[in-house]
Enquirer: 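Dumping the structure here so I can ask a few things about it.
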Amino acid sequence: MSPAGETESTPPRTNAPAYGASKIESTPNSRGASVVSENIGVLGVKVKKVGPWIQRDIEQVKECKADAMLQALLQRASSAPETEQPELLQKCLKAVLPVCNGQASTALVKSSDIETALNEYVCPGRSEVDGMRAPVPAVDMICQQNDMPMHQMHQTKKSIRKPDVVILPLNSACAPFQDETGNKKGKQSNKQKGAQKNDEKDDDQRKKKRKAHMDTNATAKPKKLPWKDVLACIEFKRKTAGRTKGIKSPSPTYTAEVPAPGPSHTPATQPASDTAAVQSSGLTTAQHSKGRSSSKRKATDTLEESAAKRSKGNHDDKDTDADADADPDVTVQTGLYAAEMFAANLGVNYLLNIIVVDDVMWIWYYDRQGIIQCSGINFIQDLPRFLVLLYALQRFDLHDWGRNKDFLPIEVEGKLCHEVKIDDENLGEVDLLLHTSHDERVKHYGLQGRATNVVPVTSEALTKKFGKFEDGMVAKIFWGEASRTSEPEILKKVEEIAKRHATVQDHVPQLLWHHTFTNPTAAIREALGVPAPTTGSRVLYILVFPKLLPITQLHGKELFDVWRQCISCHLTLWKEGVHHRDVSPGNLMWYWKDDKRIGVLNDYDLSSLADDLGPRGNERTGTVPFMALDLLTEEGQRGEVKHLYRHDLESFMWCFAWISLRYKNGAPLPRGLRPLDEWATLGAVACGEKKYVFQGRMKKFSAPSHIDSSLWAFLVDCLGMLNRHHFNRWEADTPTNCEESDSDIDAFLQSFENTKGWAALSKLLSKSSQ
């Protein structure tokens, strides 16, 4: 332990990889798993491929003092969470000292006996703490032993995780132990079962239910435990062999002061930099765990070793769903659990996980701005602080656990949905029924970033105002950077441009309704004393649009037609001062109008306005497999290359190549026939190198059997033109940050339109429309 007021040793953290072309790049614009989340479904990346990006998120972790974290948690569990109460921690520490100093006489034979001791000496009524609220019966948290496989679908891919212990609401903890008739397994009498069924809300029956579960099933292994119910995960590791080796005996008398540091603690380390590898402060590569953790996995294997093991044993080209991440660092392991918890629920504000190594525990706080770890708490030498943590968590309602109180889970026709009701100045109450379990939901898998979810939605209020849409509506839910011009503001500008330009009218999304939630992620960082708390702060948005169709459903001249319409729209918007900067297949959409396909350039949450002074926000702009080669250099990833029109047009070319080579008649080809899939699993620089070679050798490739000759000729011409422009800029030593005039923009686009392939496809379209 460290002296009071100082940050103690940091928790075990994943070792930073050696930086090379094949590794995930650390850049100001590219942030971990946010880069590849959409690749799971749209781009075909297996869930297990996300591990290295989770690692990069972990390496950007911020630190705070343990007392600051405990104070923040107590504040949330207080009777006045909006009112600052700096004395709460000291009050609660004094309240738990009787338990810590042996004044409890409980035999502690069963796990439920621990709860009895805590209730007797800590809970309100016996040792009530002024300013703290009572425990929350509706949650009634349970620490449930698990270490069983937990599954979740992400688009079409299935993940498998095995957390050691999960924290659950009581009802959720009991559910997996019910048999097919709904009766609870275990040593419960029929009388107990009937009482619980008749009056679950009764406090006395709730206590009986809890005790029965704790006595019988708390240490059993539940089956089919859903991630949506998990409030937090606890992962246990051992860095020293033996049951007690390296662990000091408890203090004979505890006080509210912080114990002096012990020899087993290591100095604090700095967050991973862009250039240096960082050794885990708790577990270094020299301290391999010889003991067995409860998950029977070593905590010290680097991801490089794990990746090598997986690569050596994986010779299967089939679309395997199961995720089998082998031996990740414990911090990556718990990061993956957090990603599952985020994905299982909508609009989650934040999550907590706990890592325990020997006798030290660390609290990890995850939200869409980033990750915060507190200094370690030795739960033997500093038992009072450990009990204060339990005391706070016992008083958490679901909102305190990070669940969004505006997104209420309900069941509709046997399917999980979420209900949102927002008071609107113009429409009154706007009701949204989010069809969360729908196959067409696009969910996010990761820890930080925008975390975009697209969900089918129905609404009586919006239907009354706009009428019914043939294909329905969708809600886009995401965490936008507070410093950026918001997407609704940009769409307002786009709507004004559409009134003046036919190339934009009908080719941009129709924003039906939107709402901004007032819950900035910077608030917790300010409370914890994290440096630069507002940098990258995020707020939650929900936007509702008519549903559009993906461009990946199209092929041949129909694909070319919609793609070309999107280019025309993009060109006009760019000249009018709206710079899209994130051209990818997922943002190119279409719909039917008067028996014609209308292309739509979608998704403006990373767009910028030309009259903004300097760059806005702190998030990457672009999806790696489709970004221009100039932006996939080390200079581009450091933010030293200005994003120009030609970069977005180049992205259109890469999108067309990707769709043509990955899909046949709107359906993905078998994995072995998709030559570009690797691009979605590489870091930015490595991907750029692969694309550069592909672009230069395009003429040497023969056309795949599923691609029409005219389409292949078009692809060869376009990538050849990109290669020619790249060579000309290199030969002329053209600065990467030179300004573009409208004539430069027109000339660049015209160079592609003048190719034989473009002209041939345009001629085909002209004939088919006559």
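In this chain, numbering begins with 1 at the start of the sequence shown. Owing to the predicted nature of the structure, the values given are computational and were not obtained by experimental measurement.
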Enquirer: Roughly how far, to the nearest 0.5 Å, is CH2 of Trp574 from SG of Cys569?
Expert: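 With rounding to 0.5 Å, SG (Cys569) is 13.5 Å from CH2 (Trp574).
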Enquirer: Give a yes or no answer on whether the side chain of Glu419 reaches the backbone of Leu433 with a donor-acceptor pair at less than 3.5 Å.
Expert: no
Enquirer: Which distance, rounded to the nearest 0.5 Å, do you find between the CG of Asp329 and the CD1 of Ile54?
Expert: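 So the CG of Asp329 and the CD1 of Ile54 are separated by 13.0 Å.
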Enquirer: Keeping the roles fixed (side chain from Asp605, backbone from Glu487), state whether a donor-acceptor pair exists under 3.5 Å.
Expert: no
Enquirer: Tyr604: what forms a ring pair (Phe, Tyr, Trp, His ring centres under 6.0 Å) with it, not counting sequence neighbours?
Expert: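 Ring pair (Phe, Tyr, Trp, His ring centres under 6.0 Å) check on Tyr604 returns His580.
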Enquirer: Has Thr521 got a side-chain atom pairing as donor or acceptor with Arg538's backbone, closer than 3.5 angstrom?
Expert: yes
Enquirer: Say whether, by atom type as modelled, one donor and one acceptor occur between the side chain of Thr633 and the main chain of Gly636 under 3.5 angstrom.
Expert: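 The answer is yes, because a donor-acceptor pair under 3.5 Å joins these two groups.
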Enquirer: Glu481 side chain to Leu606 main-chain N or O, any donor-acceptor pair under 3.5 Å?
Expert: no
Enquirer: How close do Thr334 and Glu235 get, counting heavy atoms only, and between which atoms?
Expert: CG2-CB, 3.6 Å
Enquirer: Would the distance check show the side chain of His507 and the main-chain N or O of Gly599 forming a donor-acceptor pair, the cut-off being under 3.5 Å?
Expert: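 Indeed, once roles are kept as given, a pair shorter than 3.5 Å links the two residues.
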Enquirer: Tell me the closest heavy-atom pair linking Tyr663 and Pro668, and the distance in Å.
Expert: CD2-N, 3.6 Å
Enquirer: Looking at Asp603 and Lys476, is any side-chain nitrogen of the basic one under 4.0 Å from a carboxylate oxygen of the acidic one?
Expert: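 Salt bridge between Lys476 and Asp603, a charged N being under 4.0 Å from a carboxylate O: yes.
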Enquirer: How many angstroms lie between CD1 in Ile542 and CG in Asp406, if you round to the nearest 0.5 Å?
Expert: 9.5 Å
Enquirer: Check whether any side-chain heavy atom of Phe517 sits under 4.5 Å from a side-chain heavy atom of Ile477, and report yes or no.
Expert: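 They are not in side-chain contact.
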Enquirer: What's the shortest heavy-atom distance between Leu346 and Arg441, and which atoms?
Expert: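 Heavy atoms only, the tightest pair is CD2-NH2, 3.7 Å.
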Enquirer: Please examine the side chains of Ile490 and Val578, heavy atoms only from C-beta on, and report whether any two atoms are closer than 4.5 Å.
Expert: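 In short, these two side chains touch, coming nearer than 4.5 Å.
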Enquirer: With heavy-atom distances below 4.5 Å as the criterion, would you say the side chains of Tyr365 and Asp367 are in contact?
Expert: yes
Enquirer: Is there side-chain contact between Lys443 and His154, with heavy atoms separated by less than 4.5 Å?
Expert: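 Yes, their side chains come closer than 4.5 Å.
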Enquirer: To the nearest 0.5 angstrom, please state how far the CG atom of Leu511 sits from the NZ atom of Lys492.
Expert: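 Here the interatomic distance stands at 11.5 Å.
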Enquirer: Can you check whether Met150 reaches Val230 side chain to side chain, under 4.5 Å on heavy atoms?
Expert: yes
Enquirer: Return yes if a side-chain donor-acceptor contact under 3.5 Å exists between Ser607 and Asp582, otherwise no.
Expert: no
Enquirer: Yes or no on side chain to side chain contact (heavy atoms under 4.5 Å, CB included) for Lys62 and Leu528, after CA distance, side-chain angles and deciding distance?
Expert: CA-CA 10 Å; Lys62 305 297 183 183; Leu528 296 176; over 6 Å; no
Enquirer: Check whether Arg674 reaches the backbone of Leu661 with its side chain - one donor and one acceptor, N or O, closer than 3.5 Å.
Expert: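 Answer holds: no.
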Enquirer: Partners of Asp229 by side-chain contact (heavy atoms from CB on, under 4.5 Å), sequence neighbours excluded?
Expert: Leu168, Ser172, Pro226
Enquirer: Within the side chain of Thr452, is there an N or O that forms a donor-acceptor pair under 3.5 Å with the backbone of Phe478?
Expert: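 Not confirmed, Thr452 side chain does not pair with Phe478 backbone.
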Enquirer: What's the shortest heavy-atom distance between Tyr366 and Gly335, and which atoms?
Expert: OH-N, 4.0 Å
Enquirer: Which heavy atom of Ala680 sits nearest to which heavy atom of Trp658, and what is that distance?
Expert: CB-CH2, 4.3 Å
Enquirer: Quick one: list whatever passes side-chain contact (heavy atoms from CB on, under 4.5 Å) with Val420, sequence neighbours left out.
Expert: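 Val420 satisfies side-chain contact (heavy atoms from CB on, under 4.5 Å) with Phe407, Ile422, Leu432, Leu434 only.
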Enquirer: Just wondering, do Met627 and Trp654 contact through their side chains at under 4.5 Å, heavy atoms?
Expert: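 When only atoms from C-beta onward are counted, Met627 and Trp654 do not touch, as no gap falls below 4.5 Å.
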Enquirer: Considering only heavy atoms from C-beta outward, does the side chain of Leu631 approach that of Arg581 to under 4.5 Å?
Expert: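 A side-chain contact under 4.5 Å is absent here.
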Enquirer: Could I get the full list of ring pair (Phe, Tyr, Trp, His ring centres under 6.0 Å) partners for Phe545, not counting sequence neighbours?
Expert: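 Scan of Phe545 (ring pair (Phe, Tyr, Trp, His ring centres under 6.0 Å), adjacent residues dropped) gives none.
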Enquirer: Could you work out, with ring pair (Phe, Tyr, Trp, His ring centres under 6.0 Å) as the rule, every residue matching His514, not counting sequence neighbours?
Expert: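 His514 satisfies ring pair (Phe, Tyr, Trp, His ring centres under 6.0 Å) with no residue once adjacent residues are dropped.
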Enquirer: Quick check on side chain to side chain contact (heavy atoms under 4.5 Å, CB included): which of Glu650, His647, Glu689 does Leu629 satisfy it with?
Expert: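 Exactly one pass, corresponding to Glu650.
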Enquirer: Could you give me the CA-CA distance, side-chain angles and deciding distance for Cys655 and Val583, then say whether side chain to side chain contact (heavy atoms under 4.5 Å, CB included) is met?
Expert: CA-CA 8 Å; Cys655 287; Val583 176; 4.1 Å; yes
Enquirer: How far apart are the closest heavy atoms of Gly446 and Phe342, and which atoms are they?
Expert: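 The answer is O-CD1, 3.8 Å.
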Enquirer: Where do Arg403 and Asn345 land on the side chain to side chain contact (heavy atoms under 4.5 Å, CB included) test, with the steps shown first?
Expert: CA-CA 8 Å; Arg403 298 293 195 268; Asn345 291 280; 3.7 Å; yes
Enquirer: Does Trp590 reach the main-chain N or O of Pro550 with its side chain, forming a donor-acceptor pair under 3.5 Å?
Expert: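 Judged by distance alone, yes, a pair lies under 3.5 Å.
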Enquirer: Which residues satisfy the side chain to side chain donor-acceptor pair (under 3.5 Å) test with Glu640, sequence neighbours excluded?
Expert: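 Checked Glu640 against side chain to side chain donor-acceptor pair (under 3.5 Å); matches are Arg638.
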Enquirer: Give a yes or no on whether the backbone of Glu340 and the side-chain of Gln152 come within a donor-acceptor separation of less than 3.5 Å.
Expert: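 Yes; judged by distance alone, with no hydrogens or angles, the pair exists.
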Enquirer: Mind checking the OG-NZ spacing from Ser459 to Lys421? Nearest 0.5 Å is all I need.
Expert: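 It is 11.0 Å, given to the nearest 0.5 Å.
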Enquirer: Looking at CG of Asp677 and CG of Leu682, how far apart are the two atoms once the value is rounded to the nearest 0.5 Å?
Expert: 11.0 Å
Enquirer: Can you tell me if Glu495 has over 12 outside heavy atoms packed within less than 6.0 Å of its CD?
Expert: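 No, CD of Glu495 has 12 or fewer neighbouring heavy atoms, counting only those of other groups under 6.0 Å.
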Enquirer: Gln373 versus Ile355: any side-chain heavy-atom pair under 4.5 Å?
Expert: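 They are not in contact (no side-chain heavy atoms under 4.5 Å apart), so the answer is no.
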Enquirer: Given side chain to side chain contact (heavy atoms under 4.5 Å, CB included), test Trp679 with Val624 step by step and report yes or no.
Expert: CA-CA 8 Å; Trp679 294 358; Val624 168; over 6 Å; no
